[in-house]
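Note: hydrogens, waters and symmetry copies are ignored here, and every other heavy atom, side chains too, is used.
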Amino acid sequence: MTATIAYGAVEVGTELPARSFPVTRATLVQYAGASGDFNPIHWNEKFAVEVGLPDVIAHGMFTMAEAIRVVTDWAGDPGAVVEYGVRFTKPVVVPNDGTGALIEVSGKVAAKLDDNLVRVDLTVMSDARKVLGMSRAVVRLA
């Protein structure tokens with residue numbers, strides 16, 4: 001596969017389609033099973049509170065993976081992402097209320113680089129708080 005977005009078709013400031021990703025306690029259990037990360041802060045409310053968290057929190061790597069979906073969906077090829085990094089700034093708190101939490105992601109082209117590469121900066125929010133900082137991906141476009 002290759003990216004479906006042409007390098008010449010984007011400019012600095014081009015916005016990617018924003019997405020929202022729901023997260024429930026069931027989502028966290030499924031992710032724990034797939035990743036092998038069974039840390040009780042991700043599923044046991046009593047334990048999470050005892051260690052100073054407001055409630056159960058989503059896995060950081062899960063949050064990071066959901067965020068990059070905005071880029072891979074836009075580019076049309078997950079393999080087009082050649083670099084990706086974030087800083088974890090706030091946890092995604094997932095209450096056991098049947099609704100859970102929402103991870104809201106927007107992005108835009110922040111720089112055009114050489115060799116059909118662009119840098120995409122993401123804004124990743126949950127409960128009106130920025131949960132990932134310095135969230136950036138370098139993507140090779142067609």
Side-chain angles (χ1 to χ4, degrees), residues 1-45 47-49 51-142:
M1 288 178 51
T2 59
T4 57
I5 302 292
Y7 180 79
V10 300
E11 298 298 330
V12 170
T14 298
E15 293 188 16
L16 282 62
R19 300 252 332 253
S20 295
F21 303 98
V23 186
T24 65
R25 296 282 179 94
T27 309
L28 299 182
V29 171
Q30 292 168 338
Y31 182 81
S35 69
D37 182 351
F38 293 101
N39 187 323
I41 64 173
H42 303 304
W43 58 270
N44 183 320
E45 185 174 331
F47 182 85
V49 170
V51 299
L53 295 168
D55 205 332
V56 164
I57 63 170
H59 303 73
M61 295 304 288
F62 172 81
T63 304
M64 190 176 172
E66 291 291 80
I68 196 63
R69 289 175 60 189
V70 167
V71 176
T72 59
D73 289 352
W74 171 73
D77 177 9
V81 176
V82 298
E83 186 179 317
Y84 178 45
V86 306
R87 287 191 184 164
F88 299 103
T89 57
K90 301 279 185 199
V92 174
V93 178
V94 183
N96 192 19
D97 61 2
T99 303
L102 197 61
I103 300 170
E104 299 171 288
V105 185
S106 60
K108 67 176 154 183
V109 174
K112 290 186 80 168
L113 311 169
D114 293 334
D115 199 24
N116 285 17
L117 296 172
V118 296
R119 189 186 87 219
V120 175
D121 290 354
L122 297 172
T123 301
V124 185
M125 309 284 289
S126 183
D127 198 24
R129 297 178 314 155
K130 194 172 195 177
V131 295
L132 297 179
M134 300 292 292
S135 185
R136 296 179 173 172
V138 175
V139 183
R140 185 176 315 283
L141 299 180

(message) Applying ring pair (Phe, Tyr, Trp, His ring centres under 6.0 Å), can you list everything that pairs with Y84, at least two apart in sequence or on another chain?
(response) none

(request) Output all residues satisfying salt bridge (Lys or Arg N to Asp or Glu O under 4.0 Å) with D114, sequence neighbours left out; order by chain, then residue number. (result) none

(message) Going by salt bridge (Lys or Arg N to Asp or Glu O under 4.0 Å), name the residues that satisfy it together with D127, two or more places apart in sequence or in a different chain.
(response) none

If I compare all heavy atoms of [X] with all of [Y], which pair ends up nearest, and what's the gap?
X: D97; Y: G100; value: OD1-N, 2.7 Å
X: V94; Y: A58; value: CG2-N, 4.0 Å
X: E45; Y: D55; value: CG-OD1, 3.3 Å
X: V49; Y: P54; value: CG2-O, 4.0 Å

Within this structure, what is the [atom1]-[atom2] distance for the pair [X] and [Y], rounded to the nearest 0.5 Å?
X: W74; Y: E15; atom1: CH2; atom2: CD; value: 12.0 Å
X: I103; Y: M64; atom1: CD1; atom2: CE; value: 13.0 Å
X: N39; Y: F47; atom1: CG; atom2: CZ; value: 6.5 Å
X: T14; Y: K108; atom1: OG1; atom2: NZ; value: 10.5 Å

(message) Once you measure the plane-to-plane angle for H42 and H59, does it fall in the parallel (<30°), tilted (30-60°) or perpendicular (>60°) bin?
(response) parallel

(request) Give a yes or no answer on whether the side chain of R129 reaches the backbone of P91 with a donor-acceptor pair at less than 3.5 Å. (result)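 Pair found, side chain donor or acceptor close to backbone of P91.
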
(request) Determine, step by step, whether F21 and V124 satisfy the side chain to side chain contact (heavy atoms under 4.5 Å, CB included) criterion, reporting the C-alpha distance in whole Å, the side-chain angles of both residues, the deciding distance to 0.1 Å, and the verdict. (result) CA-CA 11 Å; F21 303 98; V124 185; over 6 Å; no

(request) Tell me, please, which residues at least two apart from T24 pass side chain to side chain donor-acceptor pair (under 3.5 Å). (result) T27

(request) Could I get the full list of side chain to side chain donor-acceptor pair (under 3.5 Å) partners for N44, not counting sequence neighbours? (result)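 Counting only residues at least two positions away or on another chain, N44 forms no side chain to side chain donor-acceptor pair (under 3.5 Å).
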
(request) Please collect all salt bridge (Lys or Arg N to Asp or Glu O under 4.0 Å) contacts where either partner lies in residues 58-75, sequence neighbours excluded, each pair once. (result)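 Listed by first then second residue: R19-D73, E66-R69.
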
(request) Output every pair passing salt bridge (Lys or Arg N to Asp or Glu O under 4.0 Å) with a member in residues 77-92, not counting sequence neighbours, ordered by first then second residue. (result)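 Qualifying pairs, neighbours excluded: none.
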
Contacts of [X] that satisfy side chain to side chain contact (heavy atoms under 4.5 Å, CB included) - sequence neighbours left out:
X: L53; value: I41, A48, V51, I57
X: F38; value: A32
X: T2; value: none

(message) R119 vs L117, test: side chain to side chain contact (heavy atoms under 4.5 Å, CB included). Steps then yes/no.
(response) CA-CA 7 Å; R119 189 186 87 219; L117 296 172; over 6 Å; no

(message) Which residue in the set V120, T123, L16 passes side chain to side chain contact (heavy atoms under 4.5 Å, CB included) when paired with V70?
(response)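 That would be L16; it is the only one of V120, T123, L16 passing the side chain to side chain contact (heavy atoms under 4.5 Å, CB included) with V70.
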
Side-chain donor/acceptor pairs under 3.5 Å, residues 130-142, sequence neighbours excluded:
| unit_1 | atom_1 | unit_2 | atom_2 | d |
| --- | --- | --- | --- | --- |
| R140 | NH1 | D115 | O | 3.0 |
| R140 | NH1 | D115 | OD2 | 2.8 |

Donor-acceptor pairs are to be reported for all side-chain atoms of residues 4-12 against protein atoms at under 3.5 Å, with residues two or more places apart or in another chain.
| unit_1 | atom_1 | unit_2 | atom_2 | d |
| --- | --- | --- | --- | --- |
| T4 | OG1 | A75 | O | 3.2 |
| Y7 | OH | L113 | O | 2.7 |

